[in-house]
Amino acid sequence: MTEGYKGRIGNLIRDARKHRGLTQHQLAELLATSQSAINRIEKGHQNLSLEMLARIGAALDSEIVALGAGPTHLRVNGPTKLAGSIDVKTSKNAGVALLCASLLNRGRTTLRKVARIEEVNRLLEVLSSMGVQTRWLNADNDLEIIPPKELELTRMDETAARRTRSVIMFLGPLLHRSEDFELPYAGGCNLGTRTVEPHMAALRPFGLEVKATDGSYHAQVNRSVVPGRPIVLTERGDTVTENALMAAALHPGTTVIRNASSNYMVQDLCFFLQKLGVAVDGIGSTTLTVTGVAEIDVDVDYAPSEDPIEAMSLLAAAIVTESSITIRRVPIEFLEIELALLEEMGFQYSRSEEYAALNGKTRLVDVTTQPSTLHAPLDKIHPMPFPGLNIDNLPFFAVIACVAEGQTLLHDWVYENRAIYLTELNKLGGQVKLLDPHRVMIEGPTHFTGTEIVCPPALRPAVVILLAMLASKGTSVLRSTYVIHRGYEDLAERLNLLGANIEPFRDI
């Protein structure tokens, strides 16, 4: 029995080591032990103390054994005053798109400072199962991707694929690799059909037809079909635009995409495609003209830009805790509307001169926040496609409105069921009234008080609750925080470096 248990732990350690791209010798060096000891551990022939397991877990950036094996919770002691400086990490959504776009390239792709989040981990598992070699190169989160001669599409890791919605962005690059393939998707048949339809409108001109049945997309490609006129997207969606771009990249003609999203992750994908040798005109506008190539086989090195949504999260953290912090590497062109609106509400801050991101294109600034007395805006707050207020930034205005004087109306017209999660702020003392599935009225100012809340299943509202807990008097508990790890890397730990008191724990 013990032998089997040790063997299972050994397998976990071996898999985690390989996922990090380390040899037994390299892991041994990190742990100041011998390669033969690592060999014994991986074969299940070695007794391990909890301390050693923790050290191995830290070296491999992986929780090998979770006590109680239950979910992670966060205990927040407030109210908090933050101080110091923090760098914005690279964009989660750009990282995910670039991982999918790496399938266009037969050469080596190196991506710099990739966000190490659960969504990225799931995609790496899917890519590895298809024969793609992926490895983290260093502590800076540089990632190397080397495709096989032929992708093994039939061996795709279904479990990992069903845990990420991003797998739908494989349609664009894979339609050039195979005339007949399947992609697993999360959720039931009807949802699958509905979700895939805008993508189909974008990809049918390239000969792709998809049927959604039994939890899989069945894709077939008719090579004789090529775009004859501009592709008009029926919705200005980010992932739909990205799929159309990736399909156009390997079509050796000129494709015009109208009503394209010009959001931050789409721009990063366009800059990446240019480095692959694809001509893309109109970046930042709603009309993209792509001149593709028949084959891409280059060694490419690209650094995705910083994440405007994470930057907004950090701004909201400073505002609700009335703190002065410096947020470095803020992608200003994707936060200009948000900052202008906050200024109208009374927010005071200073910003540095602009400088270029590592991709050489995106404009960055450093923002220093000042404790400010806020009032409600005169008009409702609602999102719009870029260059409007970003849909993912809207929830942060809920917690900001809570600390502003007066009534704020938030209109989340894009999602049917997201606004309801913002009423969880009431448990901390907020006055948030749900008017209908899309609108909430928020009355401020609020004096938050700590309590225990189960994490909402939506990423941004979950972070909004965490930020309110920073401003709450006493101890709060946020339960089951996996959803936050899907979109943020080490958020609690990084807030602690600014002076927060957030403690992860599990039920034993």
To the closest 0.5 Å, what do you measure between [atom1] ([X]) and [atom2] ([Y])?
X	Y	atom1	atom2	value
N77	M469	CG	CE	11.5 Å
I296	H176	CD1	NE2	8.5 Å
T362	R329	OG1	CZ	10.0 Å
L151	M156	CG	CE	8.5 Å
I86	L495	CD1	CG	6.0 Å
L143	R112	CG	CZ	10.0 Å

### Residue of the set E182, Q220, M200, H218 for which side chain to side chain contact (heavy atoms under 4.5 Å, CB included) holds with V210
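That would be M200; it is the only one of E182, Q220, M200, H218 passing the side chain to side chain contact (heavy atoms under 4.5 Å, CB included) with V210.
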### Message
If we check side chain to side chain contact (heavy atoms under 4.5 Å, CB included) with Y264, which of these qualifies: L335, N390, L269?
### Response
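Answer to the side chain to side chain contact (heavy atoms under 4.5 Å, CB included) test with Y264 among L335, N390, L269: N390.
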Side-chain donor or acceptor of [X] paired with backbone N/O of [Y] under 3.5 Å:
X	Y	value
Q46	I38	no
E489	R116	yes
T449	G474	no
N138	D142	yes
T33	L31	no
D157	V126	no
D268	S305	yes
S480	C455	no
N243	I168	yes
T80	L470	yes

### Task
State, without any angle test, whether D238 and S261 hold a side-chain donor-acceptor pair at a distance under 3.5 Å.
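A pair is found: one side chain offers a donor N or O, the other an acceptor, under 3.5 Å apart.
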### Message
Side chains of D366 and Y355 only: does a donor on one sit below 3.5 Å from an acceptor on the other?
### Response
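The answer is yes; a qualifying pair exists.
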Contacts of [X] that satisfy salt bridge (Lys or Arg N to Asp or Glu O under 4.0 Å) - sequence neighbours left out:
X	answer
K427	E424
D412	R418
D299	R108

### Task
List in chain and number order the residues that pass ring pair (Phe, Tyr, Trp, His ring centres under 6.0 Å) with F272, two or more places apart in sequence or in another chain; answer none if no residue qualifies.
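Testing F272 for ring pair (Phe, Tyr, Trp, His ring centres under 6.0 Å), a comparison that skips the adjacent residues, returns Y302.
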### Partner set under ring pair (Phe, Tyr, Trp, His ring centres under 6.0 Å) for F181, not counting sequence neighbours
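Listed in chain order: nothing, the list is empty.
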More than 12 heavy atoms of other residues, nucleotides or ligands under 6.0 Å from [atom1] of [X]: is that the case?
X	atom1	result
K81	NZ	yes
H25	NE2	no
I146	CD1	yes

### Query
Does any pair with a residue in residues 468-482 pass salt bridge (charged side-chain N to carboxylate O under 4.0 Å, His left out), and if so which ones, sequence neighbours excluded?
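Matches after skipping sequence neighbours: E452-R479, R479-D507.
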### Task
List the steps, then state whether salt bridge (charged side-chain N to carboxylate O under 4.0 Å, His left out) holds for E119 with R122.
CA-CA 5 Å; E119 191 82 355; R122 297 294 78 76; over 6 Å; no
### Query
After noting the C-alpha distance and the side-chain angles of E144 and R135, does the key distance pass the salt bridge (charged side-chain N to carboxylate O under 4.0 Å, His left out) rule?
CA-CA 5 Å; E144 181 185 75; R135 68 183 181 115; 2.9 Å; yes
